[in-house]
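This report concerns only the one structure given below.
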Amino acid sequence: MGRGCTRHVHDHHRRPRVSRKRHWLMKTEPDAFSIDDLKRVVTEPWNGVRNYQARNHMRQMQPGDGVLFYHSSCEVPAIVGTATVASEPYPDPTQFDPKSDYYDAKSTRAEPRWSLVDVKFDRKLKRAIPLEEIKRHGDALGEGFALTQRGSRLSVMPVTAAQWKLLLSLE
DNA sequence: GCCAACGTTGGC
DNA sequence: GCCAACGTTGGC
């Protein structure tokens, strides 16, 4: 993909230059990478996502989008902070690294299979909002919300403006 | 293209 | 640590 490519080739991958901020929720296991880790490093490439639905969501992200930072597989699964999308989506470099746990032999540099964005620390919530509490607002959040959907394991999901507002109002 | 087997996620 | 639910793989 060279600089010579005409612009219109790529235009359909982008949303309009001026478009509304979107919202997302991203899960992480705090033992592996927590909100405190993000606070310390400030910006983190969100590598290692190997699920197509989650990947597709990341491919729709753009700088400035809001992220609810969620701790999973831990004592109290909860939303613990907010972050900001800090880059356009780009190929996850770990997919090309044979030494990486996330190496994907079937991915090529010409057609990378996995994408990521950089995620930037925004703030820790004054208190964590536990999944158990979030579930009590299931009706208001709607049945389509993957976090509270039975059996859903989606690690990157869209959040509507209304859901964002509601969830943060619980803080 | 079906589907059994397997691996993973993640709440509990 | 258990296990339900889900996604992926690969034989046929």
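So you know, we letter chains A, B, ... as the sequences are listed, proteins then strands, and number each from 1.
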Donor-acceptor pairs under 3.5 Å, side chain of residues 70-84 of chain A to any protein atom, not counting sequence neighbours: which ones?
| from | atom 1 | to | atom 2 | distance (Å) |
| --- | --- | --- | --- | --- |
| A:His71 | NE2 | A:Ile35 | N | 3.1 |
| A:Thr82 | OG1 | A:Asp122 | OD2 | 2.8 |

Subject >> Those residues that, when tested against A:Tyr103, pass side chain to side chain donor-acceptor pair (under 3.5 Å) (two or more places apart) >> reply: none
**OP:** May I ask you to list the residues sharing a hydrophobic cluster with A:Tyr52, side-chain cutoff 4.5 Å, ordered by chain and number?
**Re:** A:Trp114
Original post:
So how far off straight is the helix from B:dG1-C:dC12 to B:dC12-C:dG1, going by the axes through five pairs at either end, to 10°?
Top reply: 10°
**OP:** Verify whether one side chain among A:Ser34 and A:Asp36 offers a donor that lies under 3.5 Å from an acceptor in the other.
**Re:** no
**OP:** Write out all pairs satisfying side-chain hydrogen bond (donor to acceptor under 3.5 Å, both in side chains) with one or both partners inside residues 135-146 of chain A, taking only residues at least two apart or from two chains.
**Re:** A:Glu132-A:Arg136
**OP:** Just jot down the salt bridge (Lys or Arg N to Asp or Glu O under 4.0 Å) partners of A:Asp97, sequence neighbours excluded, or say none.
**Re:** none
Original post:
Which sits closer to the 5' end of DNA chain C, A:Ser152 or A:Arg113, going by the nucleotide each is nearest to?
Top reply: A:Ser152
Original post:
salt bridge (Lys or Arg N to Asp or Glu O under 4.0 Å) with A:Arg40: which residues, sequence neighbours excluded?
Top reply: A:Asp37
Less than 3.5 Å apart, which donor and acceptor atoms pair up between the side chains of residues 41-48 of chain A and the rest of the protein, not counting sequence neighbours?
none

Original post:
Which residue lies toward the 5' end of DNA chain C, A:Lys106 or A:Gln53, if each is placed at its nearest nucleotide?
Top reply: A:Gln53
Subject >> salt bridge (Lys or Arg N to Asp or Glu O under 4.0 Å) against A:Glu171, all qualifying residues, sequence neighbours excluded >> reply: A:Arg123, A:Lys126
Original post:
In residues 69-82 of chain A, what residues come within less than 4.0 Å of DNA chain B, judged by heavy atoms?
Top reply: A:Tyr70, A:Ser72, A:Ser73, A:Pro77
**OP:** Kindly state each residue pair satisfying side-chain hydrogen bond (donor to acceptor under 3.5 Å, both in side chains) with at least one member in residues 161-170 of chain A, sequence neighbours excluded.
**Re:** A:Thr160-A:Gln163
Original post:
Which is the 5'-most and which the 3'-most nucleotide of DNA chain B that has an atom under 4.0 Å from a heavy atom of chain A?
Top reply: B:dG7 to B:dC12
